[in-house]
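FYI, side chains are in, hydrogens and waters are out, and symmetry mates aren't considered; it's all heavy atoms of this structure. In what follows, chains are A, B, ... by sequence order, proteins preceding strands, each numbered from 1.
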Protein chains: 2
Amino acid sequence: MRRYSRRVSVPLHYVVKTRLVELVEQLGEGTALPPERVLAKDFGVSRWTMRQAIRELIADGRLRARQGQGTFVATPKIVQPLALVSYTEALRAQGHTPAREVVRFDEIPADDVLAEQLAVAPGDPVFELERVLFADEQPIGLETTYLSVARFPSLREVLEPTGSLYRCLTGQLGVEFGEGEELVETVIATPREAELLKATQQLPMLLLHRRTRDSAGHPIEVVRSLYRGDRVGFRATLRP
Amino acid sequence: MRRYSRRVSVPLHYVVKTRLVELVEQLGEGTALPPERVLAKDFGVSRWTMRQAIRELIADGRLRARQGQGTFVATPKIVQPLALVSYTEALRAQGHTPAREVVRFDEIPADDVLAEQLAVAPGDPVFELERVLFADEQPIGLETTYLSVARFPSLREVLEPTGSLYRCLTGQLGVEFGEGEELVETVIATPREAELLKATQQLPMLLLHRRTRDSAGHPIEVVRSLYRGDRVGFRATLRP
DNA sequence: AAGTGGTCTAGACCACTCC
DNA sequence: GAGTGGTCTAGACCACTTG
């Protein structure tokens, strides 16, 4: 029945957050926190306020909640390069274990936007390859790639679905990458996307939208990658 | 292919969100929505559930809430280049009106991390220039720049505080930029940062951490930029 | 003063995991 | 079945903006 009678310039959940950070810093990675209900009682706040604080620390990548299990101190974020490199090789270079799982690999008719981006006619068949990206057996990203079927007719036979698409294109199909463009923004995942990433609702995600071309300027692929904002960061190299 | 279990029920706030999107799409930019309490009643849900849906649409950049005024349909996100270019010029090139406001311009002693990054000794004086970045008179970013005082002793005299630091360095101080590095991640702003950006709590932000060097490889500046995730996206050019 | 969004409480039930 | 996090309700007060 506490009333926040006192005028607080700082929201209560932020005060709780800063106190919770102190607790988190005393614990090691992977350590379980007390249950929300217990923490709320200890801090003298409602469970809702406690959850606000926890949610912020989850979004910041410091905590990790698993339904039915508890809340745990998270491991540091994985930093990936923002460049035309293989996911597999980039992750290995940082000492992590990469993996992929195919969600779907279909041929769909290109809508107007996709057709324009891939330089095909609307309605032309396009490969849609959707894969969940794992790092150390944790899902961290959902990658959807679109390629022209007419341009890569042998893709289904040549590509090992859980292998590196980048390597397949450059190696087996003789594609030479030219300049590409990548857009980065934050979004909230749909329930389907959140489930595939084993993330809870309301978690900020990093959405990368990539368009690559070959050295002659012809479109190769359009990629929509959704990464868990709590688990992943990106590194870009700036050239003068 | 792995089977992903299907969620039995979609969260109510997501159902509300999708219905709210339909409403938003019928309205023009800048249009006011009905008050939360009215919307909640219309949709037959509690105000909390209504706010979850609204919060997601705010994070996605489709809505915009102003305390005491109402909730409005937002304008599209501003896309900035992820490159060594002037904020002023980049924004002008996209048809927006850039502006800056100095929050503080101090000399502080370098801590160990900063000293290492700027190649000075710990305790050495370092400029700390914190500015709010505006686009079309709306605050969209908070930029904190650190430079060695010893390296740029005349900075206070030369720099117009609301002008382009990039232009000042390259033009008046004869600095030649070499390769730089930029880290991108999502974070939740502190109350102070949220207030400076006139954003509400709990809004996902894009944090950019930049380190630049001159053509000889000596550190020029360390920049911490916090951008409103609901208002800004970034574009990077990928080179093979 | 009225009305808006922002924060907070207390309590309930649901979905998932482990015993 | 017990315990965890996830969702949802109803109601209250706070802080801000405008008439």
Side-chain angles (χ1 to χ4, degrees), chain A residues 1-17 20 31-59 63-74 188-189 191 194-195 197-203 230, chain B residues 4-17 20 31-41 43-59 63-74 188-189 191 194-195 197-203 230:
Chain A
M1 195 73 60
R2 154 181 285 193
R3 305 236 178 281
Y4 52 111
S5 51
R6 195 161 305 153
R7 146 100 173 85
V8 215
S9 61
V10 174
L12 183 54
H13 64 80
Y14 187 75
V15 177
V16 172
K17 179 184 179 185
L20 193 53
T31 311
L33 263 66
E36 293 174 354
R37 292 161 176 85
V38 174
L39 283 172
K41 197 172 184 187
D42 289 352
F43 282 99
V45 298
S46 71
R47 194 182 158 207
W48 182 88
T49 303
M50 198 68 232
R51 278 179 64 77
Q52 294 296 318
I54 292 174
R55 163 186 284 178
E56 289 202 17
L57 287 175
I58 289 173
L63 288 180
R64 180 153 197 184
R66 275 175 263 173
Q67 188 170 168
Q69 293 184 33
T71 308
F72 306 84
V73 179
I188 305 294
E195 191 192 352
L197 293 174
K198 302 216 186 312
T200 68
Q201 297 289 318
Q202 302 283 91
L203 197 67
D230 60 333
Chain B
Y4 287 93
S5 62
R6 300 237 313 192
R7 194 179 224 113
V8 183
S9 63
V10 173
L12 182 56
H13 64 81
Y14 186 76
V15 177
V16 172
K17 180 184 178 184
L20 193 54
T31 311
L33 263 66
E36 293 174 354
R37 293 161 174 86
V38 173
L39 283 172
K41 199 172 182 187
F43 282 98
V45 299
S46 71
R47 194 181 159 208
W48 182 88
T49 304
M50 197 68 233
R51 278 179 63 78
Q52 294 296 318
I54 292 173
R55 165 187 282 178
E56 290 201 18
L57 286 175
I58 289 173
L63 289 180
R64 176 151 202 187
R66 277 175 260 172
Q67 189 169 169
Q69 293 184 33
T71 308
F72 306 84
V73 179
I188 304 294
E195 191 189 352
L197 292 174
K198 301 212 189 317
T200 67
Q201 298 289 317
Q202 301 284 90
L203 196 67
D230 61 334

Asks: Can you check the L39(A) CG to dG5(D) C1' distance for me, whole Å?
Replies: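 Value for this atom pair: 12 Å.
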Asks: Tell me the interatomic distance from I58(A), atom CD1, to dG6(D), atom C1', rounded to whole angstroms.
Replies: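 My rounded result for the distance is 11 Å.
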Asks: Of the listed nucleotides (dG6(C), dA10(D), dC16(C)), which one gets closest to any side-chain atom of Q67(A)?
Replies: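 Nucleotide nearest to Q67(A)'s side chain: dC16(C).
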Asks: Take atom CZ of R55(B) and atom C1' of dC8(D), then tell me their distance rounded to the nearest Å.
Replies: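 Interatomic distance, CZ of R55(B) to C1' of dC8(D): 14 Å.
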Asks: Would you mind reading off the distance between L63(A) atom CG and dG6(D) atom P, rounded to a whole angstrom?
Replies: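 From L63(A) CG to dG6(D) P: 11 Å.
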Asks: Taking for each residue the nucleotide of DNA chain C with the nearest heavy atom, is it Q69(B) or Q202(B) whose nucleotide lies nearer the 5' end?
Replies: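 Residue closer to the 5' terminus by nearest nucleotide: Q69(B).
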Asks: Looking only at non-hydrogen atoms, find the nearest pair between P191(B) and P11(A) and report the distance.
Replies: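 Residues P191(B) and P11(A), closest heavy atoms: CG-CD, 4.3 Å.
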Asks: Is it the case that atom CD in E195(B) sees more than 12 heavy atoms from other parts of the structure closer than 6.0 Å?
Replies: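 Incorrect, the count does not exceed 12.
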Asks: Would you mind telling me which residue lines up with the more 5' stretch of DNA chain C, Y14(A) or L33(B), judged by nearest nucleotide?
Replies: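 Here L33(B) is the residue nearer the 5' end.
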Asks: For G68(A) and W48(B), take the nucleotide of DNA chain D holding the closest heavy atom to each; which residue's nucleotide lies nearer the 5' end?
Replies: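 Closer to the 5' end of DNA chain D: G68(A).
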Asks: Give a yes or no on whether a donor-acceptor pair under 3.5 Å exists between the nucleobase atoms of dG6(C), that is its base, and the side chain of R47(B).
Replies: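 Checked by distance alone, the answer is yes.
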Asks: dG3(C) C1' sits how many Å from R66(B) CZ, rounded?
Replies: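 So the two atoms are 16 Å apart, to the nearest Å.
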Asks: Tell me which one of R47(A), K41(A), R55(A) satisfies salt bridge (Lys or Arg N to Asp or Glu O under 4.0 Å) with E36(A).
Replies: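 Between E36(A) and the candidates, salt bridge (Lys or Arg N to Asp or Glu O under 4.0 Å) is satisfied uniquely by R47(A).
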Asks: Would you say the side chain of V16(A) lies within less than 4.5 Å of the side chain of Q52(A), judging by non-hydrogen atoms?
Replies: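 No, side chains not in contact.
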Asks: Under 4.5 Å between any side-chain heavy atoms of L39(B) and T71(B), yes or no?
Replies: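 With C-beta onward as the side chain, the pair stays apart.
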Asks: As a test of reading the structure: which of dT18(D), dG5(C), dT7(C) is closest to the side chain of H13(A), going by heavy atoms?
Replies: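 The answer is dT7(C), which lies nearest to the side chain.
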Asks: Just how far, in rounded Å, is P of dC8(D) from CD of E56(B)?
Replies: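 Value for this atom pair: 10 Å.
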Asks: Taking only side-chain nitrogens and oxygens of S46(B), does any of them come within less than 4.0 Å of OP1 or OP2 of dC8(D)?
Replies: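 For S46(B), the contact criterion (side-chain N or O under 4.0 Å from OP1 or OP2 of dC8(D)) is not met.
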Asks: OP1 or OP2 of dG5(D) less than 4.0 angstrom from a side-chain nitrogen or oxygen of R51(A), does that happen here?
Replies: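 False: R51(A) side-chain N/O out of range (4.0 Å or more) of dG5(D) OP1/OP2.
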Asks: Counting heavy atoms from C-beta on, name the nucleotide in dC8(C), dG6(C), dA10(D) closest to the side chain of T200(B).
Replies: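 Of the candidates, dG6(C) comes closest.
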Asks: Are any of T49(B)'s side-chain N or O atoms less than 4.0 Å away from OP1 or OP2 of dC8(D)?
Replies: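 Checking T49(B) against dC8(D): no side-chain N or O falls below 4.0 Å of OP1 or OP2.
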Asks: Nearest to the side chain of R37(B) - dC13(D), dG6(D), dT9(C)?
Replies: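 Of the candidates, dC13(D) comes closest.
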Asks: Expressed as a whole number of angstroms, how long is the span from L12(B):CG to dA15(C):P?
Replies: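 Distance, rounded to whole Å: 13 Å.
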Asks: Whole Å only: how far is the CD atom of E36(B) from the P atom of dA15(D)?
Replies: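 Distance, rounded to whole Å: 17 Å.
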